[in-house]
S.K.: 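Below: one structure in structure tokens.
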Amino acid sequence: MSTSAPPPDTGTAKDGQVERSTGDLARAAMSGWLGTALEFMDFQLYSLAAGLVFGQLFFAGESPALAVVSAMATYAVGYLARPVGAWYFGRLGDRVGRTKVLFLTIALMGGATTLIGALPTVHSIGILAPILLAVLRLVQGFGAGAEISGAGVMLAEYAPAKRRGIVASLVALGTNCGTLGASAIWGVLVAVLSEEQLLAWGWRIPFLGSAVILLFAVWIRFRLKESPVFEESSHVNDGVALTADEIRAKAERENDTPMLEALEQKKWRALVPAFLLRFGQAGNSGILQTYMVSFITVTLAMSASVGTSVVMVSSLCAFVTVPIVGALGDKFGRRRMYQVMSVISLILIVPTMMAIAGAEVPKVFLGYIVMHNVSVMALASLENLTLPELFGSRHRYAATGVVREVAAMIATGIGPVVVAAWVAAATGSWVPIAIMLGIFTACPLIGTFLMPEVAGRDLRDPRNAV
């Protein structure tokens, strides 16, 4: 059952509203965009380095094939730390505010990336080199786990209610900027430098160079004011959240019905639809953005340039898709737009996969771009705002972060994506991929029937939306 947002005089908000200027909103938007771009740039830089050079630099004692596997395994280590970081920093952000935590997460995440560029290799310090690399990946993942969720929460709580969708969509655009930036940097290095130069010193440039973006992002966040929603919430006093006992005593003393209801509310009822929304989008992303390049290159035996080029072109197209879907979410509601985009995606799975499987370059581009933008980027645009809107002000940061990371880990880990990839590789058929895309796409559609419309909801409300 949904709960309506309480009017300001119920005790859900303080008497005076916190004023934020257009400049404050612009800084919050820039902060969210930069942080997300840096997060995805960090992980893409490592992913490409793992495939290109890290096997020789940090795992040189192993066979070439095993060295690449070891480098990719170290890549996966970062993802193990993400849910832990989401839980730790999310709870901290709900207690002391969003800005302090977002300052810490970006410093940890970006600092670890920069230090990777300064690491000695296995040729200098032996076994200690891969150990240090794994440690930095853990630190990177620990900070990144709460970065994109925190950016989404911050923008949702900063933006005007009727413009939240288009403002929060900037977080999704940051993912594209980071991925494209990292790919472009490595593309230039590979084209300009010889293999000897790349292995000697060239590989350090992207990691050390990321410090420029880090410093700019830290400067922006240092000047960022706290979320007005956090400061106005009735459970916050002088910028720090009250304990559960203090909140209950205050709510009973002031007859704060919404807060008393929030204390008794069943938390899982909001977690289920949130998990389904995130699980579906993350699964589609894992299939299309991670596995599909291998399917095009290996199974369809097309040029490697086709797979990488189609991802880059589709990511560029998403700069149009994401803000449009965000704006439509403001106009027609998150729930309805989720339903529309999910149904369109379900209808298009078979024709787009048939187009890709035809192994003709124009059809591959058309099929991939359409499916990627509809089933991944459009849902990402809606997700970055819908998840924060589903949760109440008391636990919004932690709930959003944990749901995002756990659902993504399950969807893109050793489960469904790997199974689909293995069956597709063994049979040479696109059907297993289409089936998994259908299952993933159905999840957000099912999730919408377990939640109310959340667009325009008063985010100071301590209760979950369901």
Side-chain angles (χ1 to χ4, degrees), residues 1-5 83 86-87 90 94 148-149 152-153 155-157 161 164-165 168-169 171-172 258 261-262 264-286 325-326 328-330 332-346 374-412 415-416 437-459 461-466:
M1 181 181 297
S2 64
T3 56
S4 58
W87 173 80
D94 284 326
I148 193 170
S149 56
V153 167
L155 286 184
E157 293 184 343
R164 284 179 193 154
S169 70
V171 175
E261 290 179 353
E264 303 300 328
Q265 199 172 33
K266 296 178 179 178
K267 305 296 189 293
W268 65 265
R269 296 185 62 179
L271 291 172
V272 171
F275 180 91
L276 289 171
L277 297 182
R278 174 59 177 156
F279 182 81
Q281 192 276 338
N284 282 342
S285 176
V325 173
L328 290 174
D330 285 328
F332 299 108
R334 322 301 177 219
R335 190 168 179 264
R336 183 178 299 178
M337 283 305 300
Y338 255 113
Q339 292 170 344
V340 168
M341 299 312 300
S342 296
V343 169
I344 291 174
S345 180
L346 286 170
V374 171
S375 67
V376 177
M377 298 312 302
L379 297 186
S381 177
L382 295 167
E383 172 189 289
N384 286 318
L385 178 60
T386 308
L387 295 189
E389 286 179 322
L390 270 169
F391 298 109
S393 57
R394 277 193 67 217
H395 301 298
R396 177 171 293 124
Y397 196 161
T400 300
V402 171
V403 163
R404 281 188 61 92
E405 297 306 327
V406 172
M409 186 171 62
I410 295 173
T412 61
L437 286 173
I439 293 172
F440 283 130
T441 304
C443 288
L445 184 60
I446 295 169
T448 62
F449 292 101
L450 303 176
M451 59 177 276
E453 178 55 61
V454 292
R457 184 170 182 260
D458 187 347
L459 295 184
D461 192 336
R463 299 166 295 184
N464 293 335
V466 59

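Side-chain atoms are counted along with the backbone in the values below, which use heavy atoms only and exclude waters and symmetry mates.
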S.K.: For A168 and L385, which heavy atoms make the closest approach, and how far apart are they?
M.R.: CB-CB, 3.9 Å
S.K.: Just how far is it from atom NZ of K267 to atom CD of Q265, taken to the nearest 0.5 Å?
M.R.: 6.5 Å
S.K.: Holding to salt bridge (Lys or Arg N to Asp or Glu O under 4.0 Å), I want the full list of residues that pass it with R394, two or more places apart in sequence or in another chain.
M.R.: none
S.K.: Check whether any side-chain N or O of S381 sits under 3.5 Å from a backbone N or O of G326 as a donor-acceptor pair, and report yes or no.
M.R.: yes
S.K.: Quick test of your reading: applying salt bridge (charged side-chain N to carboxylate O under 4.0 Å, His left out), list the pairs with at least one residue in residues 377-390, sequence neighbours left out, ordered by first then second residue.
M.R.: R164-E389, R278-E383, R334-E389, E383-R404
S.K.: Taking all atoms of both residues into account, what is the closest heavy-atom pair of V406 and P83, and its distance?
M.R.: CG2-CB, 4.3 Å
S.K.: So, for A455 and G329, which heavy atoms are closest and what is the spacing to 0.1 Å?
M.R.: CB-O, 4.4 Å
S.K.: Partners of L445 by side-chain contact (heavy atoms from CB on, under 4.5 Å), sequence neighbours excluded?
M.R.: Q339, S342, V343, L346, T448, F449
S.K.: Return the minimal non-hydrogen interatomic distance between N464 and G392, and the atom names on each side.
M.R.: OD1-N, 2.8 Å
S.K.: Please confirm whether the backbone N or O of M451 pairs with a side-chain atom of R335, one donor and one acceptor, at under 3.5 Å?
M.R.: yes
S.K.: Would you list the atom pairs, donor with acceptor, under 3.5 Å between side chains in residues 395-402 and any protein atom, with sequence neighbours excluded?
M.R.:
residue, atom, partner, partner atom, Å
R396, NE, P388, O, 2.7
R396, NE, F391, O, 3.2
R396, NH1, E157, OE2, 2.8
R396, NH1, L459, O, 3.0
R396, NH2, F391, O, 2.8
R396, NH2, L459, O, 3.0
Y397, OH, A146, O, 2.8
T400, OG1, R396, O, 2.7

S.K.: Could you state the interatomic distance from OG (S285) to CG (L379), rounded to the nearest 0.5 Å?
M.R.: 10.5 Å
S.K.: Measuring from atom OG1 of T441 to atom CD of Q281, what distance do you get when rounded to the nearest 0.5 angstrom?
M.R.: 10.5 Å
S.K.: Rounded to the nearest 0.5 Å, how far apart are CG of L276 and OH of Y338?
M.R.: 10.5 Å
S.K.: If every non-hydrogen atom of M341 is compared with every non-hydrogen atom of V374, which pair is closest and at what distance?
M.R.: O-CG1, 3.8 Å
S.K.: State, yes or no, whether a side-chain contact exists between L277 and L390 at a heavy-atom distance under 4.5 Å.
M.R.: yes
S.K.: Which heavy atom of I410 sits nearest to which heavy atom of F279, and what is that distance?
M.R.: CG2-CE1, 3.8 Å
